[in-house]
Protein chains: 4
Amino acid sequence: MSPLNEEQQHQIRDERREQIMSAALKVFARRGIIGTKMSMIAAEAGISHGLLYHYFASKEELFTTLVERAMIASDEAIHSVYELPGTPIDKIRALTLDMLDEGGTDYFLLIHQARTSDGVPEKVVELMKRYSMDKYVKQLQALFREGQNVGELVDGDLDEMISSYLSVLSGLMVLNVQKIGGYQRPRVDVLLRMIAPL
Amino acid sequence: MSPLNEEQQHQIRDERREQIMSAALKVFARRGIIGTKMSMIAAEAGISHGLLYHYFASKEELFTTLVERAMIASDEAIHSVYELPGTPIDKIRALTLDMLDEGGTDYFLLIHQARTSDGVPEKVVELMKRYSMDKYVKQLQALFREGQNVGELVDGDLDEMISSYLSVLSGLMVLNVQKIGGYQRPRVDVLLRMIAPL
Amino acid sequence: MSPLNEEQQHQIRDERREQIMSAALKVFARRGIIGTKMSMIAAEAGISHGLLYHYFASKEELFTTLVERAMIASDEAIHSVYELPGTPIDKIRALTLDMLDEGGTDYFLLIHQARTSDGVPEKVVELMKRYSMDKYVKQLQALFREGQNVGELVDGDLDEMISSYLSVLSGLMVLNVQKIGGYQRPRVDVLLRMIAPL
Amino acid sequence: MSPLNEEQQHQIRDERREQIMSAALKVFARRGIIGTKMSMIAAEAGISHGLLYHYFASKEELFTTLVERAMIASDEAIHSVYELPGTPIDKIRALTLDMLDEGGTDYFLLIHQARTSDGVPEKVVELMKRYSMDKYVKQLQALFREGQNVGELVDGDLDEMISSYLSVLSGLMVLNVQKIGGYQRPRVDVLLRMIAPL
DNA sequence: TATGAATGAGTCTTCATTCAT
DNA sequence: GATGAATGAAGACTCATTCAT
């Protein structure tokens, strides 16, 4: 029996990589880089810990790779808000829902971990410096400005409004992950009251 | 040198304990129980790590003691809102400011850590189960109800309003600690818009 | 494609075996059994590491096989000195050059590794015990005795002379492999001065 | 009971450090950096492996520290030959004996390991580049030149003579450590024949 | 009471070896 | 026969905890 052909090999490799990254994301996002043991990731992915090292040279590399990916993904997520239908407030509502939904949360949390935990690789620290919330703020300026222009958003300093709103969302996202304590996810309309005229 | 009398001994002991707990709180609140090394606490307290074990049997015990204290303290903090002068919205504003100020944050953060991190002692997990946000909500029902009655707060489900508002504050507190990324602390008036009629 | 007949199969198998042993010799000789990874041998041989195990059951077996071969080969090398033309001193000169030349060094170095490194299989340790330098000494007694008889070598204890000379050569061989530090390979005439009358 | 005073602490620390370095030297010299396990050093020093890390940050650091020390020591050893009594050949004889004696061998072997093994820290590689045999050769030029002048050494290229002689000694030192195989340590007079006129 | 040397369990990482294809 | 994915034992290193002084 001849060995698998190159394409099959490649496919297996790629699938495994995805499987590992997906498992790692889940764990890293919740427990940070220090709190995460490679054995946890291996268990989550259903493979041996040794195999992790066929795909990623180290815990740091795995973490860094995920952070890079997360930055791209969150970038795109924010960006895609412009494609949505409706008025500015509709888009903001959709964005808000999206951020608070379980779905895309992990990437965001990972970035939070990358920003706030110890033991984060130097490279990630660098990435984070260049990738602060300002970036998101800038991406949303056009949307919020239009909202002000059409009277759907309150007047006032644009950047402050955006970053305040994002901060509230960020905080909720961080709380969101843990079902434990009885945090209540506020309804979107309540949150929008902060920025919408009454 | 005459030996200290018993009372003086006691006093020194108590001061040391306070010193250690204060240092430990600062570190645990920011780094969680896993991310905190006993040597960090010792350094923060300006003593040798060996000495810690004269006062606390283990890292777990120290953490647990602090959590118990934090629960009492945050309880009192919430409770004390009723002593403040002014109308309900004034009191809520003051409470909000208090929670977002650097000052009392550590205890709250410690509870957040206790609730969300790994490696938390079983006893603390038990404490947390019995001490969810509902407790705070109950404590604030009277205040918020009065606010609704006098027309300072919007109508609607009382408990949901309180826990939503607390969740937003909680999220912001968690973000608050890290100066890093460019999180913006929203102005109190903006936050109050969520619960106050225009 | 008709399957190869049995003889062809055999031949391929033997060639592969040779190819692997040749690669392994090169690596083991320089890095010892511990410092050598199976993947290095596979890379040197241009095959996958998995394939090694079709030909040799383990690293130990591969190493042991090579050592056995090396012992035979060095035996023959020493022996063949008698076939060379010229007087005893001519033969010794040729032997010296041969040992110090890059060429046949690997087998000798492998034996050195087998003798001096850790992690050497028990079986090899046994082999080495029975295969000390005495063996070489015995093989060279006739040659050196003749050298003394014809006055080309200094008088004195024969065995001591041989083993001293071989020790010097052995030491130089060990140094020889590494081009790094600036070891100087002494000229043969200088070395011969140790045993030749002036 | 009060803790030890500072001086006592220091003394204990220094003694332990020496004890560890001495143990490590013994093991590294024979087995190289890869073949040496920290547990071997700990065992040799009679302490736990954990304690090693109170004194040296890593295996690499320990190895590097030893190599630096060895370079200084071997430097001094060579240098001290000039203090010895007697004619040049007497001094060379003494140096030879010294190098082949068990005593100072470990440092030399460590340098040999540093020069030839894998897994050597980058810093050591750098050290070695700047510290080749040329250095020893230079230090001995005056001695050997004088030997030629007084007719105790053969004429001919000075540097080549020195480095050839040192290479022979080096090779013997490397063999010397292992009692195993039956290597014969040549008598000094035999070795001196390489460089002395009949 | 106070210090820091000492220990060892637990985690990351490497690599010989196995095995499905 | 050939490949490389997969496993797990073993070694480097960290850190909570103990203990002599």
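Everything numeric in this text was worked out from a predicted model, so none of it was measured. To find a chain, count down the sequence lines: A is the first, B the second, and so on, and within it residues start at 1.
For A/R16, there are no salt bridge (charged side-chain N to carboxylate O under 4.0 Å, His left out) partners, not counting sequence neighbours. Remark: D/K26 pairs with D/E44 by the side chain to side chain donor-acceptor pair (under 3.5 Å) rule, at least two apart or across chains. Every side-chain contact (heavy atoms from CB on, under 4.5 Å) that B/L52 has, sequence neighbours left out, goes to B/I20, B/M38, B/I41, B/A42, B/I47. Residues satisfying the side-chain contact (heavy atoms from CB on, under 4.5 Å) test with B/S58, not counting sequence neighbours, are B/E60, B/E61.
Rounded to an integer number of Å, the gap from CG of B/L62 to C1' of F/dT17 is 14 Å. Spacing between atom CD of A/Q11 and atom P of F/dT3 amounts to 21 Å, rounded to whole angstrom units. Computed from coordinates, the A/R31 CZ to E/dT11 P distance equals 11 Å when rounded to whole Å. Atom-to-atom, CD1 of C/I20 to P of F/dG1 comes out at 10 Å; the value is rounded to the nearest Å. The nearest whole Å value for the distance from the NZ atom in C/K37 to the P atom in F/dA10 is 18 Å. Between the CD atom of B/E15 and the P atom of E/dA2 there is a distance of 11 Å, rounded to whole Å. Taking atom CG of D/D14 as the reference point, atom C1' of E/dG4 lies 15 Å away to the nearest angstrom. Whole-Å rounding puts the D/I12 CD1 to F/dC19 P distance at 18 Å.
Proximity of residues 38-56 of chain C to DNA chain E (heavy atom under 4.0 angstrom from any strand atom) is restricted to C/M38, C/H49, C/Y53.
OP1 or OP2 of E/dA5 sits under 4.0 Å from a side-chain N or O of D/Q9. At the phosphate of E/dG4, neither OP1 nor OP2 sits under 4.0 Å from any side-chain N or O atom of D/R13.
Remark: DNA chain E takes part in the stems E:2-21 with F:2-21, each of 3 or more antiparallel Watson-Crick or G-U pairs, criterion distances under 3.5 Å.
Both C/K59 and D/R16 lie close to DNA chain E; mapped to their nearest nucleotides by heavy-atom distance, the more 5′-ward contact belongs to D/R16.
In terms of modelled atom types and a separation under 3.5 Å, the side chain of C/S22 and the main chain of C/E18 share no donor-acceptor contact.
The side-chain heavy atoms of D/I33 and D/P121, taken from C-beta on, include a pair separated by under 4.5 Å. Residues D/I111 and D/M128 meet the side-chain proximity criterion, which asks for heavy atoms closer than 4.5 Å.
Both the sub-6.0 Å distance and the 45° axial angle are not jointly satisfied by D/R69 relative to the ring of D/Y107.
Across all their heavy atoms, A/R17 and A/F56 have their closest contact at NH2-CE2, 3.4 Å.
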